[in-house]
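It should be emphasised that the depicted structure is a prediction, and the values quoted were computed from it without experimental measurement. Below, chain A is the first sequence line, B the second, and so on; all start at residue 1.
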Protein chains: 2
Amino acid sequence: MKKKYTIRDIAELAGVSKGTVDRVIHNRGKVSKKALERITKLLTEIDYEPNLIARNLKNNKVYDICVLMPDPEVDPYWSPCTDGIKNAIIELKAFGVNILTVLFNPQCTKSFLNENENIQIMLPDAVVLVPLFNKESLFVLEKYEELGIIVSTFNNRINSATINKFVGQDLFQSGRIAAKLLYGLRKSEGDFVIIHIDEKYKNAIHMQEKEKGFKSFFDESLKFKNKILTCKLKHPNFESQFNLFLNEHKYLTGIFVTTSKVYQVAEIIKNRTQHNISIVGYDLLPENVAHLKEGTIDFLIHQNPKQQAYLALKYLVDFLLFEKEIPNELLLPIDIINSENVEPFMGN
Amino acid sequence: MKKKYTIRDIAELAGVSKGTVDRVIHNRGKVSKKALERITKLLTEIDYEPNLIARNLKNNKVYDICVLMPDPEVDPYWSPCTDGIKNAIIELKAFGVNILTVLFNPQCTKSFLNENENIQIMLPDAVVLVPLFNKESLFVLEKYEELGIIVSTFNNRINSATINKFVGQDLFQSGRIAAKLLYGLRKSEGDFVIIHIDEKYKNAIHMQEKEKGFKSFFDESLKFKNKILTCKLKHPNFESQFNLFLNEHKYLTGIFVTTSKVYQVAEIIKNRTQHNISIVGYDLLPENVAHLKEGTIDFLIHQNPKQQAYLALKYLVDFLLFEKEIPNELLLPIDIINSENVEPFMGN
DNA sequence: CATTTTTTTGTGTTCGTACACATTTATAAA
DNA sequence: TTTATAAATGTGTACGAACACAAAAAAATG
């Protein structure tokens, strides 16, 4: 078992003082070529790694981090995120990390912009945000860049030169998974339908990706001869619109709902006693899980918002405090949930 | 955003020296009632939390941890564990944690006992082990208890008073999941079979749990009228035995293999062109994944050995170094894998 | 009241790193 | 060679907690 070398050890071995070693490590210059060479050689030979605990104690900085995410009161999908953040707060408190959660209305770009301004006034060291609105997000990201505030994102990926930290999922692939699951469940020939619900705000990229993925699965399958339909439903006429659609399409064998509102679809299907239609949707909302256990919904794809929020924070702190190298893009595994494995995912 | 109070801050506020505050915090006595009360009150009021970084630097202990796990050369199931351990080693090195991996032969209880003895001579601070053999594990656990060595386990749960740290999965539930998946895939009436392969060494508890879970799913379903068969296969007559079984049972609709050797079953099924039999098995061995992508295997249940090993270590270190409260039993979510979501799980 | 003993409180050092500042050595200009 | 200047190297302290030891205050004894 290897000894842990300190700066002092290196200094003694090189016959210099710790100050010189320190200058080499941080290449601050003011070191003679001879000393530089000898110390660098030693450093690599010995595979010196600074004691991160000591380094951190010295730096002793209190990091202020803001989390900006959609208000779970408006869309319950985001509710688990607050738990993930709560966990991060507890865990990171002892390392001098202050985390403040700020909420915005996911149906209102103005709210998003406003809250970002508020955060920018507070000048935190870093921001973790959900860039729900593409245009507005690009705008605020530039601002953060100017202010020298590190930004990390989760759930929604955004293409920006200034941002390079993202925790989320591959949505195209998650669409393919839905397709695979529905195809496997199918008992007879029949059509599939992709349902988008309440698409009034611009999370369209989400659904587009999922739809593309879903369709791509069938493009590859030469055997498949049925249709892939698309159906956009909006409240308050949701129910009547959907019933109309169902009446028009009698050969449905599977439904893919691209959001966590799948329970609304399940509710209607359940009442129609159309029992050979499989349903796949997203997220472990209590309503969805109830339908899953009842058997109305066959599979849920878990986007793991809690873990996304937690990891976005955790990785950011590992980066800030412990210089851990973080992948720019962390794509979480896509969990397939049925009535039997749902339980441990709920607590988690 | 709250200020981080130090011992010195508390001391000043209480009008005493840091030594006295320190004595109160560690209740070492030698403090007057008056001072004790004032300081305790302040401590709770302020919700003082010691700076774990500073505490650790002072303690400055090098922790030696041994990991004892089955040799992946003998059973490739364990191969991902070494990656998980490797990650832990890299990550924890900078915190003064030395991790040494020791392998034993999973087919040989003597090897297990021997390696445990070797570890006990080294006197590490903690041991992470896979208690593959029930009786022998209980024996070595007592020894560790005597030596004051903390033990954490993963993959196999063991019922012992001395051990209270486990990372793994609920195997009963994973059997149920297999049942649910196969039942969902079934296109027509037919029987199911549970296949146990190469059960020469005592991981029987594993398979028993999985079998029980699998059966329990159908016990609840009143609709199910077919049979659940069981079939034990052993090398070297594996293939002939299995073909014999298949010839005898023509009404099979699904196969559940209780280990990672499911690819061996898939191989045979594939060659028999019996195309309406679904297969569910365990673990992301390359052979299994190949069959999954080809379509011979429908679902794999991911036991996540890599993550299990990593988390067992990580949690142990969080406990030793940062006093993080760790749940005695961490049951990882059971991941359902198909050809579409397999990719991110492989790297992970 | 003086002295001893016990109890209580305060001070100083350490952990390893980072950085400011002091000191020494080498080089250039007088 | 002497002095001025720059380059290189060394020293000391802080971060916050922990603990050993010194010091002071209180209590017990003569």
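Checking the phosphate oxygens (OP1, OP2) of C:dT9, a side-chain nitrogen or oxygen of B:Ser32 falls inside 4.0 Å.
A cation-pi contact links B:Lys165 to B:Phe319, judged by a cut-off of 6.0 Å to the six-membered ring centre and 45° from its axis. A cation-pi contact, defined as under 6.0 Å to the ring centre and within 45° of the axis, is absent between A:Lys143 and A:Phe139.
Every residue two or more places apart in sequence or in another chain that forms a ring-ring contact (aromatic ring centres under 6.0 Å, His included) with A:Phe95 is listed here: A:Phe322, B:Phe322. The side-chain hydrogen bond (donor to acceptor under 3.5 Å, both in side chains) search around B:Lys30 returns none, not counting sequence neighbours. With sequence neighbours left out, the salt bridge (Lys or Arg N to Asp or Glu O under 4.0 Å) criterion links B:Lys314 to B:Glu91. Judged as a salt bridge (Lys or Arg N to Asp or Glu O under 4.0 Å), and not counting sequence neighbours, B:Arg23 has no contacts.
The structure places CG of A:Asn51 at 6.5 Å from CG of B:Leu57, a figure rounded to the nearest 0.5 Å.
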Please produce a list of atom pairs where a protein N or O lies less than 3.5 Å from an N or O of nucleotides 22-24 of chain D.
none

Write down the protein N/O and nucleotide N/O pairs, taken from nucleotides 10-16 of chain C, whose separation is under 3.5 Å; answer none if there are no such pairs.
unit_1	atom_1	unit_2	atom_2	d
C:dG10	OP2	B:Ser17	N	2.5
C:dG10	OP2	B:Ser17	OG	3.1
C:dG10	OP2	B:Thr20	OG1	3.3
C:dG10	N7	B:Arg23	NH2	3.1
C:dG10	O6	B:Arg23	NH1	2.9
C:dG12	O6	B:Lys18	NZ	2.6
C:dT13	O4	B:Lys18	NZ	3.4
C:dC15	O3'	B:Asn60	ND2	2.5
C:dC15	O2	B:Lys58	N	3.4
C:dG16	OP1	B:Asn60	ND2	3.0
C:dG16	N2	A:Ala54	O	3.4

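The distance from atom CD1 of B:Ile39 to atom C1' of C:dT8 is 11 Å, rounded to the nearest whole Å. Atom NZ of B:Lys30 is separated from atom P of D:dA26 by 18 Å (rounded to the nearest Å). B:Asn56 places its CG atom 15 Å from the C1' atom of D:dC15, with the value rounded to the nearest Å. One atom, CD1 of B:Ile25, and another, P of D:dG16, lie 14 Å apart when rounded to the nearest Å. What separates CZ of B:Arg28 from P of D:dC21 is a distance of 13 Å, to the nearest Å. For A:Asp22 and D:dT13, the CG to P distance is 17 Å, given to the nearest whole Å. Atom CD1 of A:Ile53 and atom P of C:dA18 are 13 Å apart (whole Å). Spacing between atom NZ of A:Lys33 and atom P of D:dT9 amounts to 11 Å, rounded to whole angstrom units.
For A:Glu73, the CD atom sits in a loose shell: 12 or fewer heavy atoms of surrounding residues, nucleotides or ligands are nearer than 6.0 Å.
Salt-bridge check for A:Asp9 with A:Lys4: failed, with every basic side-chain N at 4.0 Å or more from each acidic carboxylate O.
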